[in-house]
Amino acid sequence: MITTDFAPGSPCWIDLGAPDVPAAAGFYNAVFDWQFQGYGPPDAPDANDYGVLKRDGRTIAGIGKLTEEGARSAWMIYFCTPDADATTEAVERSGGKVRVPPMDADGEGRMAQYTDPQGGQFAVWQPGKTKGMEAADRPGTLCWTELYTTDSAGAKEFYGNLFGWGTEDMELPGGGGTYSMITPAGLPPERMHGGLMQLPSEALSLNNGKPYWHPVFAVEDCDATVAKVTGNGGSVQMGPEDAEGVGRLAVCVDPSGADFVVLTPAPPAQA
């Protein structure tokens with residue numbers, strides 16, 4: 001589960017880079033009932049270039065205009081760190097690359113963005129006035145994070161050295177491969193916040209064969225949510241389908257190409 005106490009190394013924020021922020025905000029409003037709140041004066045020319053997405057008055061995520069040349073629209077996952085500068089040094093020592101060096105965000109916190117040695121992009125957030133997302137692990141919010149990588153052993157070593165993550169491997173049914181579940185350093189298994197899975201580069205066509213992270217959002221009804229995705233210009237890569245012990249899920253893509261998963265969690269096992 002993902003919580004909002006933000007232990008070091010746990011997910012604390014997500015944001016979406018979109019070529020058209022109002023259009024993306026409209027899509028996610030239709031799918032998850034998220035409300036967009038732009039930063040800056042409403043009459044400013046860049047008023048809609050960055051803002052937050054809220055549900056029931058709580059901030060769920062950020063959304064900003066995609067400006068990087070040649071970049072695809074995608075969700076970025078931020079992991080909590082007490083020291084973004086020290087994390088940056090550790091990324092470089094471990095063979096990762098710095099995409100955005102540590103920078104202050106108007107006193108709200110300090111952030112940096114990286115690429116892991118296999119090519120997956122991720123970020124960190126050092127809390128200031130803003131600790132992170134205001135809700136998680138409930139319908140319409142982040143409930144899991146997932147990395148598709150071409151080298152699971154290398155990824156586990158890199159992120160384990162960086163954040164101290166513990167991992168637990170499980171074999172997927174039907175010879176589907178090994179899935180490694182991730183837990184923040186020193187926390188019990190019920191605090192697992194994500195997973196990683198090795199896939200061949202040809203299975204990662206959405207990102208031109210390179211590894212990538214994506215968010216998983218909890219929903220009350222997976223099939224109904226998928227209908228909203230496809231009814232508002234999005235598409236479905238996989239599902240909906242049932243995953244034993246996990247729930248009913250589907251891999252979706254928004255109209256600009258950013259992928260995410262929707263999951264109706266399985267009910268808790270009876271004692």
So, does [X] use its side chain to make a donor-acceptor pair with the main chain of [Y] at under 3.5 Å?
{"X": "Asp104", "Y": "Gly107", "value": "no"}
{"X": "Asp106", "Y": "Glu108", "value": "no"}
{"X": "Asp116", "Y": "Gln118", "value": "yes"}
{"X": "Glu134", "Y": "Gly132", "value": "no"}
{"X": "Thr81", "Y": "Gln126", "value": "no"}
{"X": "Asn29", "Y": "Ala25", "value": "no"}
{"X": "Thr230", "Y": "Ala227", "value": "yes"}

Mind checking whether [X] and [Y] sit in one hydrophobic cluster, side chains of I, L, V, M, F, W, Y counted as touching below 4.5 Å?
{"X": "Leu196", "Y": "Met181", "result": "no"}
{"X": "Met192", "Y": "Phe79", "result": "no"}
{"X": "Tyr50", "Y": "Met133", "result": "yes"}
{"X": "Ile2", "Y": "Met76", "result": "yes"}
{"X": "Met103", "Y": "Val98", "result": "yes"}

Which atom of [X] lies closest to which atom of [Y], heavy atoms considered:
{"X": "Leu206", "Y": "Gly257", "value": "CD1-O, 4.1 Å"}
{"X": "Trp125", "Y": "Ala105", "value": "CH2-CB, 3.9 Å"}
{"X": "Asp20", "Y": "Pro22", "value": "OD1-CD, 3.1 Å"}
{"X": "Pro188", "Y": "Thr183", "value": "O-CG2, 3.4 Å"}
{"X": "Gln121", "Y": "Thr115", "value": "CG-OG1, 3.8 Å"}
{"X": "Ala218", "Y": "Cys143", "value": "N-SG, 3.6 Å"}

Are the charged groups of [X] and [Y] less than 4.0 angstrom apart, N to O?
{"X": "Arg248", "Y": "Asp223", "value": "yes"}
{"X": "Arg110", "Y": "Asp85", "value": "yes"}
{"X": "Asp259", "Y": "Arg72", "value": "yes"}

Calculate, to the nearest 0.5 Å, the distance between atoms [atom1] and [atom2] belonging to [X] and [Y] respectively.
{"X": "Ile14", "Y": "Thr145", "atom1": "CD1", "atom2": "OG1", "value": "10.0 Å"}
{"X": "Asp5", "Y": "Ser10", "atom1": "CG", "atom2": "OG", "value": "6.5 Å"}
{"X": "Glu202", "Y": "Thr150", "atom1": "CD", "atom2": "OG1", "value": "10.5 Å"}
{"X": "Leu199", "Y": "Ser152", "atom1": "CG", "atom2": "OG", "value": "9.5 Å"}
{"X": "Ser256", "Y": "Leu66", "atom1": "OG", "atom2": "CG", "value": "9.0 Å"}
{"X": "Met111", "Y": "Thr130", "atom1": "CE", "atom2": "OG1", "value": "13.0 Å"}

Would a 4.5 Å heavy-atom cut-off, applied to side chains only, mark [X] and [Y] as touching?
{"X": "Val251", "Y": "Val236", "value": "no"}
{"X": "Leu263", "Y": "Val219", "value": "no"}
{"X": "Thr178", "Y": "Gln198", "value": "no"}
{"X": "Thr141", "Y": "Pro139", "value": "no"}
{"X": "Pro8", "Y": "Cys80", "value": "no"}
{"X": "Thr59", "Y": "Leu53", "value": "no"}
{"X": "Thr87", "Y": "Tyr114", "value": "yes"}
{"X": "Met197", "Y": "Leu172", "value": "yes"}

Inset, instruction - Sorted by first residue and then second, give each ring-ring contact (aromatic ring centres under 6.0 Å, His included) pair with at least one member in residues 134-157; sequence neighbours left out. - result: Tyr148-Tyr212, Tyr148-His214
Legend entry - Residue that, paired with Phe122, satisfies ring pair (Phe, Tyr, Trp, His ring centres under 6.0 Å) out of Trp213, Tyr78, Tyr159: Tyr159
Inset, instruction - May I ask you to check whether Arg191 and Thr3 show a side-chain donor-acceptor distance below 3.5 Å? - result: yes
Legend entry - Any side-chain donor near an acceptor of the partner, Tyr179 and Glu171, under 3.5 Å: no
Legend entry - Between Tyr28 and Phe217, ring centroids under 6.0 Å: no
Inset, instruction - Taking the six-membered ring for Trp and the single ring otherwise, decide whether the centroids of Trp165 and Phe158 are under 6.0 Å apart. - result: no
Inset, instruction - Could you give me the CA-CA distance, side-chain angles and deciding distance for Val262 and Cys252, then say whether side chain to side chain contact (heavy atoms under 4.5 Å, CB included) is met? - result: CA-CA 7 Å; Val262 295; Cys252 303; 4.1 Å; yes
Legend entry - Working for side chain to side chain contact (heavy atoms under 4.5 Å, CB included), residues Val91 and Leu162: CA-CA 7 Å; Val91 166; Leu162 189 64; 3.7 Å; yes
Inset, instruction - For atom NZ of Lys54, decide whether the heavy atoms of other residues, nucleotides or ligands shown that lie under 6.0 angstrom number more than 12. - result: yes
Inset, instruction - Determine whether more than 12 heavy atoms belonging to other residues, nucleotides or ligands lie under 6.0 Å from atom CD of Glu157. - result: no
Legend entry - Residue among Asp169, Thr149, Thr167 satisfying side-chain hydrogen bond (donor to acceptor under 3.5 Å, both in side chains) with Ser180: Asp169
Inset, instruction - Please step through ring pair (Phe, Tyr, Trp, His ring centres under 6.0 Å) for the pair Phe27 and Trp34, ending with a clear verdict. - result: CA-CA 9 Å; Phe27 170 81; Trp34 292 345; 9.5 Å; no
